[in-house]
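Presented below is the structure to which this report refers.
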Amino acid sequence: MLTLAIDKLDDPANATRAYSAKAAHYRKSSTHGSFPMTSSLSSFLETVVERGFLHQCTDLEGLAAAAEAGPIAGYIGFDCTAPSLHAGSLVSIMLLRAFQRAGHRPIVLMGGGTSKIGDPSMRDEARKLLGETEIAANMAGIRRVFSRFLRFGEEPGGAIMVDNADWLDGLNYIAFLRDYGRHFSVNRMLAFDSVKLRLEREQALSFLEFNYMILQAYDFLELARRHDCTLQMGGSDQWGNIVGGVELARRVDGRSVFGLTTPLLTTASGAKMGKTAAGAVWLNAEMLSPYDYWQFWRNTEDADVGRFLRLFTELPLDAIADLEAREGAAINDAKIVLADEATRLCHGEEARVQAAETARRTFSDGATGEGLPAATIARVELEAGLAALEAFRRAGLAATNSEVRRLVKAGGARINNIAFSDEGRKITLADLDDEGVVKLSAGKKRHALLRVAAG
């Protein structure tokens, strides 16, 4: 059993390197450090249970037995509703990764077809209808995320990515209803939580949205036929849709397939995972800098550290137990490990090193920090005086002027490390430092730079 501890370091200048080295030791000692091929699903199910991924399964014993003959294929679907996935999707992504690490073939299903409708699950209102051009652009952005987490290829266990538009776009409506629609009971569909909640709240549910669960069930059937897919996974809000696919495969093809869901994740304070006051925690670097991503995990609530280490890193469980047991200021050591490991997985080692070093310089040395997120402004704006409220919004430190005002009143708004209380404060050329930038801070942990455009 690994007993290596991460001791609190007195010299903050060496902290990042030490945390990184010891986290690497944890990774190296892990039995899941590569992609071993196995003929049993036991290692995957053990991971699912021990690390907190399991919420429901249609037939856990049957699923384990189905894998005894050899590796199986399993999928998770991702609709293309934005140019990037956000941290709320990481449970599903890490589940696919664990599935592959246990020797099985993950299938990433891009919802090029279903994105034209929009999943109504647990939503208060219908999604905005997207055109094909927008869906294609979103899909291109989402595709890039998975190359960091999964190994793609035709070899055994290699992940594949497919688009459900390949079969949904060409469906004959009447034939589809005759062949598949007859297997769905409206009475039962109305009892699904995703539908029932909308109706109980007297919120409109269009017939277009009502079709979504049938199409998702049909996706499972198509993947079973095309890729011998045995397992569909997803969040617990997808349970009704997943069960629909399991039953459709049994009724139409006589296939035994399985469904598994993960718990919907919220923080200890009840906030939705992947959301912050400044907006979504995107996984693509062009939408959220690796530094901001690192900082999101560094700001994890104390009560969530152990849970998030189990879900979003691959450190061994005994190492996580050691980190989770820390109390007081020492829990910050565990948060740094969490931030390092999560950033390394999503953005790579180089981005992790730069983000951690920027944080060290910003918080330990009081430096500006070259890796901080930055907004570019025209020199003429500083000559005239740029309202601080506007500057904080442009820098991504707040979504609205009201948020900045609240920050100012609470004493948490700073320009070049100096707090200000005047809501009418303007930023001028006089605020530029020797490097030609202005540092903005929202509280102690969120920072950004204003840079003057060249020319």
Side-chain angles (χ1 to χ4, degrees), residues 51 53 75-101 106-112 115 119 130 134-152 159 161 163 233-235 237-238 262 264-267 271-300 304 307-314 335 337-356 358-359 371-373 396 399 446 448:
R51 301 188 85 98
F53 287 102
Y75 91 96
I76 299 179
F78 300 86
D79 276 343
C80 308
T81 55
S84 169
L85 298 176
H86 58 70
S89 299
L90 270 179
V91 172
S92 292
I93 295 173
M94 292 298 291
L95 184 61
L96 284 176
R97 184 175 168 90
F99 188 67
Q100 184 174 52
R101 291 169 78 86
I107 300 174
V108 178
L109 178 64
M110 293 283 98
S115 295
D119 186 359
L130 303 177
E134 190 172 1
I135 290 172
N138 289 345
M139 187 184 299
I142 292 171
R143 284 178 184 272
R144 295 198 299 273
V145 171
F146 290 96
S147 62
R148 291 282 188 189
F149 291 90
L150 299 175
R151 172 177 50 83
F152 287 84
M161 184 176 288
D163 180 359
M233 298 170 280
D237 59 329
Q238 297 297 311
T262 60
L264 288 184
L265 199 61
T266 59
T267 65
K272 190 173 181 179
M273 180 63 190
K275 299 287 187 180
T276 68
V281 182
W282 301 109
L283 303 185
N284 285 25
E286 65 269 21
M287 296 186 67
L288 186 78
S289 73
Y291 169 80
D292 279 333
Y293 188 79
W294 189 95
Q295 199 62 48
F296 167 76
W297 296 105
R298 171 61 180 82
N299 293 340
T300 294
D304 288 327
R307 183 166 56 125
F308 286 3
L309 282 167
R310 282 185 284 274
L311 289 170
F312 303 121
T313 80
E314 291 164 344
K335 294 180 183 181
V337 172
L338 171 61
D340 278 353
E341 292 297 289
T343 304
R344 180 184 61 82
L345 279 170
C346 188
H347 295 294
E349 178 64 10
E350 183 178 347
R352 181 207 68 78
V353 170
Q354 184 177 3
T358 297
L372 290 176
R446 297 177 57 231

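Model, not experiment: these values are computed from the prediction. One-based numbering along the sequence shown.
- For the atom pair CZ (Phe296) and NE2 (His86), the distance works out to 10.5 Å, reported to the nearest 0.5 Å.
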* Between Trp282 and Leu85, does a side-chain contact (heavy atoms from CB on, under 4.5 Å) hold up when you go through it step by step? -> CA-CA 6 Å; Trp282 301 109; Leu85 298 176; over 6 Å; no
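- Atom CD of Glu286 has more than 12 heavy atoms from other residues, nucleotides or ligands within 6.0 Å.
- Considering NZ of Lys335 and OG1 of Thr300, their distance stands at 7.0 Å, rounded to 0.5 Å.
- The two residues Ala339 and Trp297 come nearest to each other via the heavy atoms CA-CB, 3.6 Å.
- In terms of heavy atoms, Gly112 sits closest to Cys80 at N-SG, 4.5 Å.
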* To do: Decide yes or no on side-chain contact (heavy atoms from CB on, under 4.5 Å) for Phe312 and Leu345, but give the supporting numbers first.
  => CA-CA 9 Å; Phe312 303 121; Leu345 279 170; over 6 Å; no
* **Leu311 vs Leu265, side-chain contact (heavy atoms from CB on, under 4.5 Å): CA-CA, chis, key distance, verdict** => CA-CA 10 Å; Leu311 289 170; Leu265 199 61; 4.0 Å; yes
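- Across all non-hydrogen atoms, the minimal contact from Arg151 to Gln100 is O-NE2, 2.7 Å.
- With rounding to the nearest 0.5 Å, the separation of OH in Tyr75 from OG in Ser92 is 12.0 Å.
- When each of Thr358, Asp340, Asn299 is paired with Trp294, the side chain to side chain donor-acceptor pair (under 3.5 Å) condition holds for Asp340 and for no other.
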* **Residues Arg144, Asn284; criterion side-chain contact (heavy atoms from CB on, under 4.5 Å); working and verdict** => CA-CA 8 Å; Arg144 295 198 299 273; Asn284 285 25; 3.4 Å; yes
